[in-house]
Each structure stands twice: as structure tokens, then as C-alpha cells.
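Quick caveat, the model's predicted, so the values are computed rather than measured. Residue numbers count from 1 along this sequence.
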Amino acid sequence: MKRAKTCIATCFLIAAGVAPAMAADWGGVKDMGGGVAIPVPAPVPVPTYDADSDWYVGLTFGGNISQSASVKDTDVDYLGDSTPGYFAKDSGDLPMSPIFGLTFGRYLTPSLRAEVAIDYTPNYQISNDYKLGYLATNSAPNTTIGGIDTNTYSISRTDTVQLSRTTGLVNLIYDFNTGTRFTPYIGGGGGFSWRRLQRSYSETATCIGGSNSIDGPYPPNTCSGNPSLPGNSSTEKGSTSKNQINFAAAVQAGVATNLTESIIWDNGWQMLWEQGAISSVAPSASGGNQIVYKDAVLQQFRSGIRIKFD
């Protein structure tokens, strides 16, 4: 009896030692038909860093939502004296305008990337383009009798000034890796802004009176006849354009969404600053009319797709 008990105990110990090994060979209870396998969700794709493949290109659309700029309109006579003009819009009245952009960049580290961004904004108006009627004066020295001649003109004028821009920026952008498909980012950069002013104008002016600073007023409805001033009746019509390149800088913030491992959807905000002033001058019976656009800070919304490639 003692011997039988010893044999049973020995068999039990052997079985206890062999069971874990058998379980490992069979893969566990679910592999033996005793349970139902539970599917495991695929992990959300997150950006990875690969020095050979983390280049990307992007296509961006957006808009200049608002801009703070100084837009000044003046008439400058032959003496260099200036008076306020009538054609420029206030900064707050400037219209929203679209943005079309391309980006090309590379991840320098898993969180830091550098990119070149080129944006284009087509023409939008910085002037009132409806016909204006107003009175204006122009002055010039009288070389015959001395003094200064001043003529008063009744003017009817249409003046349209449009601005377009192309910006090129080199940006450094930091991505905050959240472990999800959503990646907030901040960044900034500098480069250039290439602006173009295009202007077309049409003016009819009639002189309605004049005076001399020494002799006083000329007879009613009589002008000075000063050859340096526009005649009794004049018409101006034409167009001008000006191109200018200045320094620009910007800061950005936004959220990137990984649609796939190689396709990323960007939505963000950018504040763009442009250095320097660009101006346009057109002839007028009231003196050369000048519109100046300067000190511009633009608030921009941007949305686009980035594609990573090898």
C-alpha cells in the first residue's frame, strides 16, 4: 500500500512539471478550443523618424482673414505740399483674400522639422474703385510776375489699385508627439515677401478758378494759365505697376492629423509680418496721387495635406 501511494505521488509531481510545458506548446486555453479569440485593435499610426524617408511635400489652401496695415493716400503738388487723397481703403476695410501654397521639408529629429513654404495671394483691391467727384487745388511758382499760382479743379476720377504677394519662408516647426493621430505644433521662420501693386486710373479735370499769392484772385472762372499747371481742361488715363521685395517673418501654430502613415492633414494659423512700404504714384490735376501700403501684419488660416516620401 505504501508503495502504491509512493507511485501515485511520483506520477502527480511529474504531471505538474510537464503541464506548463504542454500549455506553452499548445498556445494556451484559447488554442485548445476552450474560448473565443478577442480581436486587438490596430495601433493608431503616429509619426516615426527615419533619416532616409522623412522628407515631405505639401499643398496648402487658406485665406488672409484680416490684416493690420497703414494704407495712406495723398496728393502731392508741384511745390511738394501734400493733402489727403480719396482713394485708399482703411486697413479694416481691406477684403479677405485667398492663399495658395506649396511646402517642402524634412524631419530633423522625431519632433523637429524644417521646411520651405511658398505662398501666393492673387490681386485684391486696396482702393475704392468707384468714380469720385471732388474739388482739388494745385500750385506752382509764377516765373513771370512772381508769387505762387494756385488753380482749383473740379475732378471726376476712377482709380483702382490692386495688391498681390508671393512669400517664401524657411520655417522650423516643433511637433508635440501625443501618441495619437493628433499632433499639435508651433513654429516660426523668416524669408521674403514679393509684392506687386497694379494701378489703373481715369480722370477728367476742369479748372474753375485761380489766384496768385501776390496779385490775389484771378477774375471769376479764370485760371492762371501757368504752364507748370494742368490746363483749363485735362484728361488723364493709364496704368502703372510696381514690384518690390522685402523681408518677411511669420509664426505658426496648428494641429496635424495622421490620416495614414504617409498622409497628414494640417490645419493651422499663421501671423505674417512684412517689412517696408510699397507705393504707387499716378498723375492727377491735383498733383501726383500716391498710395502707400506699409507696416502689414496679416492673420492667416491655412489647411493642407502633407505627403511623406522616400
Side-chain angles (χ1 to χ4, degrees), residues 60-77 82-102 117-134 136 138 155-169 191-205 230 234-250 270-302:
T60 302
F61 299 96
N64 297 300
I65 305 303
S66 68
Q67 54 188 302
S68 171
S70 172
V71 187
K72 188 176 182 181
D73 182 22
T74 55
D75 291 326
V76 182
D77 65 20
S82 61
T83 56
Y86 297 87
F87 305 108
K89 292 184 177 180
D90 290 334
S91 175
D93 295 329
L94 295 178
M96 291 186 292
S97 52
I99 298 171
F100 306 97
L102 292 172
I118 306 294
D119 288 347
Y120 172 68
T121 295
N123 279 334
Y124 64 94
Q125 288 190 197
I126 64 172
S127 68
N128 295 308
D129 62 350
Y130 47 82
K131 183 171 288 188
L132 295 174
Y134 56 97
N138 200 346
I155 295 176
S156 175
R157 186 179 178 99
T158 299
D159 206 315
T160 301
V161 184
Q162 295 182 315
L163 175 69
S164 64
R165 65 167 50 81
T166 300
T167 58
L169 300 174
F192 70 89
S193 180
W194 173 21
R195 291 173 292 181
R196 178 179 175 85
L197 274 181
Q198 292 181 285
R199 182 172 190 170
S200 60
Y201 56 90
S202 175
E203 176 187 279
T204 299
S234 64
T235 298
E236 294 283 357
K237 188 177 291 187
S239 61
T240 64
S241 65
K242 183 175 182 180
N243 294 276
Q244 187 167 302
I245 296 177
N246 290 103
F247 176 76
Q270 176 170 278
M271 183 172 68
L272 175 70
W273 170 74
E274 295 174 322
Q275 179 201 39
I278 181 169
S279 64
S280 172
V281 179
S284 171
S286 62
N289 178 264
Q290 182 181 55
I291 290 183
V292 180
Y293 176 93
K294 64 178 182 178
D295 301 330
V297 177
L298 294 91
Q299 307 293 334
Q300 303 173 326
F301 172 76
R302 303 159 58 82

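- In this structure, OG on Ser193 lies 6.0 Å from CG on Leu272, to the nearest 0.5 angstrom.
- With contacts defined as side-chain heavy-atom distances shorter than 4.5 Å, the pair Tyr201/Arg157 qualifies.
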Review point. Yes or no on side chain to side chain contact (heavy atoms under 4.5 Å, CB included) for Gln299 and Val297, after CA distance, side-chain angles and deciding distance?
Key: CA-CA 7 Å; Gln299 307 293 334; Val297 177; 4.1 Å; yes
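- Side chains of Ser241 and Arg199 form no contact here, defined as non-hydrogen atoms less than 4.5 Å apart.
- Side-chain atoms of Val292 and Asp73, non-hydrogen and from C-beta on, never get closer than 4.5 Å to each other.
- Between Ser156 and Lys131, the shortest heavy-atom distance links the atoms OG-CD, 3.3 Å.
- Nearest heavy atom pair, residue Gln275 against residue Asn246, reads O-CB, 3.0 Å.
- At a threshold of 4.5 Å between non-hydrogen side-chain atoms, the residues Ser97 and Pro122 do not count as touching.
- To the nearest 0.5 Å, the span separating CD1 on Ile99 from OG1 on Thr60 amounts to 9.0 Å.
- No side-chain donor from either of Gln162 and Gln198 sits under 3.5 Å from a side-chain acceptor of the other.
- Within the 4.5 Å cutoff, side-chain heavy atoms of Ile155 are placed close to those of Ser286.
- Asn289 is listed as a side-chain neighbour of Asp159, based on a closest heavy-atom distance under 4.5 Å.
- Leu169 approaches Gly191 most closely through the heavy-atom pair CD2-N, 3.6 Å.
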**Study point:** Test log, rule side chain to side chain contact (heavy atoms under 4.5 Å, CB included), inputs Thr74 and Thr83
**Key:** CA-CA 6 Å; Thr74 55; Thr83 56; over 6 Å; no
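- Here the OG1-CZ distance, from Thr121 to Phe100, works out to 8.5 Å after rounding to the nearest 0.5 Å.
- Not less than 6.0 angstrom separates the ring centroid of Phe247 from the ring centroid of Phe192.
- Residues Ser280 and Gln290 are not in side-chain contact: their nearest non-hydrogen atoms beyond the backbone lie 4.5 Å or more apart.
- When all heavy atoms of Glu236 and Pro283 are compared, the closest pair comes out as OE1-CG, 3.8 Å.
- When every heavy atom of Ile126 is checked against every heavy atom of Val71, the shortest pair comes out as O-CG1, 4.1 Å.
- Annotation: the span from Ser279 atom OG to Ile291 atom CD1 amounts to 10.0 Å, rounded to 0.5 Å.
- Between Glu274 and Arg165, at least one side-chain N (NZ, or NE/NH1/NH2) sits under 4.0 Å from a carboxylate O, which counts as a salt bridge.
- How far OG1 of Thr166 is from CZ of Arg195: 12.0 Å, rounded to the nearest 0.5 Å.
- A donor-acceptor contact closer than 3.5 angstrom is absent between the side chains of Asp77 and Asn138.
- Within 6.0 Å of CH2 on Trp194 lie no more than 12 heavy atoms contributed by other residues, nucleotides or ligands.
- Using a 4.5 Å cut-off on side-chain heavy atoms (C-beta onward), Gln125 and Thr160 make contact.
- With 3.5 Å as the limit, one finds a donor-acceptor pair spanning the side chains of Ser284 and Glu203.
- Residues passing the side-chain contact (heavy atoms from CB on, under 4.5 Å) test with Ser68, sequence neighbours excluded: none.
- The minimum heavy-atom distance linking Ala205 with Ala285 is given by the pair CB-CB, 3.4 Å.
- Put simply, CD on Gln270 and CG on Asn64 are 9.5 Å apart, with the number rounded to the nearest 0.5 Å.
- For the residue pair Tyr293/Gln244, the side-chain donor-acceptor check at 3.5 Å is not satisfied.
- The environment of NZ in Lys89 is crowded: more than 12 heavy-atom neighbours from other residues, nucleotides or ligands sit within 6.0 Å.
- Applying the side chain to side chain donor-acceptor pair (under 3.5 Å) rule to Asp93 yields no partners; only residues at least two apart in sequence or on another chain are considered.
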